[in-house]
Amino acid sequence: MSDSSPELAPSNFIRNIIDADIESGKHENVVTRFPPEPNGYLHIGHAKSICLNFGIADDYANAICHLRFDDTNPGKEKSEYIEAIKEDVRWLGFEWNDNLHHTSDYFDQLYVYAVQLIKNDKAYVDSLSAEDIRLYRGNLTEPGKNSPFRDRSVEENIDLLERMKNGEFAEGEHLLRAKIDMAAPNINMRDPAIYRIKHMSHPMTGDKWHIYPMYDFAHCVSDAIEGITHSLCTLEFEDHRPLYDWFLDELNTSAHPQQIEFSRLNLDYTVMSKRKLHELVEGGYVNGWNDPRLPTISGMRRRGYTANAIRDFCSRIGVTKKDNIIEMSVLENSLREDLNENATRALAVLDPIKLIIDNYPDDKEEILAGVNHPKKPEEGTRDIPFSKELYIERSDYMEGASKKFFRLTEGREVRLRFAYYVTCTHVVKDENGEVTEVHCTYDPETKGGKSEDGRKVKGTIHWVSAKHAVTAEVRQYDRLFTVPDPASNKEQDFKSLLNPSSVQVLTNCQMEPSMLQSGTEVRQFERQGYFCQDSVDSTVDALVFNRVVTLRDSWSKK
RNA sequence: UGGGGCGUGGCCAAGCGGUUAAGGCACGGGGUUUUGAUCUCCGCAUCCCAGGUUCGAGUCCUGGCGCCCCAGCCA
């Protein structure tokens with residue numbers, strides 16, 4: 001292993017297999033691959049696979065990981081997705097260097113291999129309808145039966161395949177199938193399809209082909225051509241492994257990669273299948289693939305997640321073959337750990353109410369120093385203006401509050417962060433009984449938020465000078481679904497389980513002036529959470545912030 | 001009811017026959033704190049069930065039970 005990496009990912013059963021293969025001399029150089037189909041955007045589940053595959057390449061000496069687009073179905077794939085996927089992989093911090101491939105790079109070779117199968121009497125052109133093929137396949141408990149076209153001559157098969165390739169037939173008219181065993185208990189082995197006719201233009205090969213190879217045939221061959229040593233995929237392909245091995249054995253390829261399956265990542269209160277994500281995006285239930293509520297890489301990036309947090313998360317959840325649903329708190333913990341360490345602080349009032357300091361001079365203004373990071377003095381301080389009228393959080397005042405409430409209530413003294421101690425005297429209400437102003441007096445001897453007499457002030461609240469405040473919009477996100485596993489009930493439409501308040505927009509947030517100069521980085525709004533400007537909607541004239549994640553809150557739980 | 005997998009605390013996950021069953025998240029409690037944040041300390045399982053092998057089993061055997069995946073010319 002390389003010693004350049006200070007923190008290697010924790011080991012797992014796949015790394016154990018690789019270790020053993022190196023130990024035994026089976027392989028000297030490990031080659032993995034991340035093989036997305038460009039038919040949608042990457043999500044956090046893909047990040048698990050990316051971290052696994054590229055992580056191995058990073059940690060083992062002379063190991064590499066290929067990025068290969070599995071583009072065998074032009075009906076579903078688009079160049080837009082290819083570009084988005086590349087961007088996401090790079091953003092996560094991985095580099096494929098010269099190892100960028102497409103399954104379509106191998107279409108010529110694949111065709112040669114298909115002809116070889118025919119010559120070896122291991123493949124044939126079937127002319128049954130799709131419906132008949134399904135009927136002939138049998139079912140889980142009953143064997144299938146042979147197609148009447150199964151025994152065509154090698155010459156006829158080659159001729160038919162050639163003509164399929166040349167576009168002489170309509171889609172569905174013919175199908176090249178492997179000749180294996182229609183009675184196999186593993187349904188994947190009942191003469192699976194190899195090539196189907198599709199009169200479609202392909203993002204990479206244009207109009208050259210009228211037939212396109214199926215996954216089972218193309219994937220193992222592509223792996224072999226690229227010299228992949230360990231082909232890592234998810235559990236649902238376990239049943240396909242015999243077929244993966246069958247093709248490579250029949251074709252006698254120079255390399256025979258080992259397919260190893262691991263379980264996909266599931267996160268609670270969200271969905272991870274591409275089909276469902278497509279449904280949410282295309283149905284307008286969310287605003288595009290990069291909607292900050294989505295578990296897509298682009299959505300999380302826009303929301304303010306960091307690549308570090310996602311990689312840390314992936315290393316924490318492990319790699320096994322067990323079905324799992326990871327709690328969102330694990331992801332949030334990885335995020336908070338990164339942000340707490342790296343985000344500078346700021347004061348911002350999300351739901352403002354006026355706080356008026358009656359004994360503070362009307363026109364006086366002061367500049368106070370706010371610590372940028374409590375654990376990093378080297379981050380310095382920033383200027384925060386202070387004056388008679390401030391905004392504080394509406395929830396920081398409560399009428400008739402108990403002594404357990406550390407914030408404002410009549411007669412109680414609290415500290416205004418970095419500023420002064422103030423004591424609440426009274427409030428003003430409107431005709432509806434809503435509090436419109438909180439009044440207080442301050443102690444001039446407590447500037448900076450400390451007192452000489454050592455008096456105890458339990459509560460500290462954040463504030464913003466009203467006349468200096470910057471108004472902004474803040475979007476607060478909550479879980480996308482109301483239940484932990486929205487996909488569990490197959491009869492129920494998962495979309496009916498969407499959380500109607502997955503986003504709450506606050507338009508009158510008041511922030512300290514330094515937020516005007518705050519770029520795109522994530523900042524912590526003290527006592528609230530982490531926020532970053534929305535990369536799509538925020539402008540200098542109309543600031544828009546996304547709440548990345550709240551701070552841990554042990555008070556509201558009580 | 002065919003085939004393939006999986007089953008260690010609320011959620012993940014180490015453990016590869018032999019110290020009191022790692023660790024993280026969550027949860028409960030104490031301390032520190034100009035963020036009820038951070039930090040810190042403490043607590044928190046006998047391993048799906050039942051037999052068996054063994055001086056000794058979460059780890060081996062047998063039999064159950066439970067859950068997941070497969071009948072696309074999708075990947």
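The chains referred to below are lettered A, B, ... by the order of the sequence lines, with proteins before strands, and numbering in each begins at 1. It should be emphasised that the depicted structure is a prediction, and the values quoted were computed from it without experimental measurement.
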query: Which listed nucleotide (rA75(B), rA37(B), rA71(B)) is nearest to the side chain of Pro374(A)?
result: rA37(B)
message: Base, sugar-phosphate or nothing for Thr320(A)? Non-hydrogen atoms, less than 4.0 Å.
response: sugar-phosphate
- request: Take the protein atom CD of Gln524(A) and the nucleotide atom P of rG36(B), then report the distance between them rounded to whole Å.
  value: 10 Å
Nucleotides 43-46 of chain B: which of its N/O atoms have a protein N/O under 3.5 Å away?
none

field: Side-chain donor/acceptor of Gln528(A) to base of rU35(B), under 3.5 Å
entry: no
- prompt: Reckon Arg316(A) has a side-chain N or O less than 4.0 Å from the OP1 or OP2 of rC11(B)?
  reply: no
query: Centroid-to-centroid, Tyr215(A) to His219(A), below 6.0 Å?
result: yes
message: Strictly under 4.0 angstrom, non-hydrogen atoms only: write out the protein contact profile of nucleotides 2-7 of chain B, one letter per nucleotide from the 5' end, B, S or -.
response: BBSSSS
query: Just checking Leu128(A): base, sugar-phosphate only, or nothing, at a heavy-atom cut-off of under 4.0 Å?
result: base
Distance test, side-chain N/O of Lys375(A) to OP1/OP2 of rU40(B), below 4.0 Å: no
message: So, does Arg196(A) get its side chain near the phosphate of rC74(B), meaning an N or O under 4.0 Å from OP1 or OP2?
response: yes
Under-4.0 Å side-chain N/O to phosphate OP1/OP2 contact, Arg137(A) with rC73(B): yes
- line: Of the listed rU33(B), rC25(B), rC73(B), the closest approach to the Ser329(A) side chain comes from rC25(B)
query: Hey, do the aromatic rings of Tyr195(A) and Tyr212(A) have their centres closer than 6.0 Å?
result: no
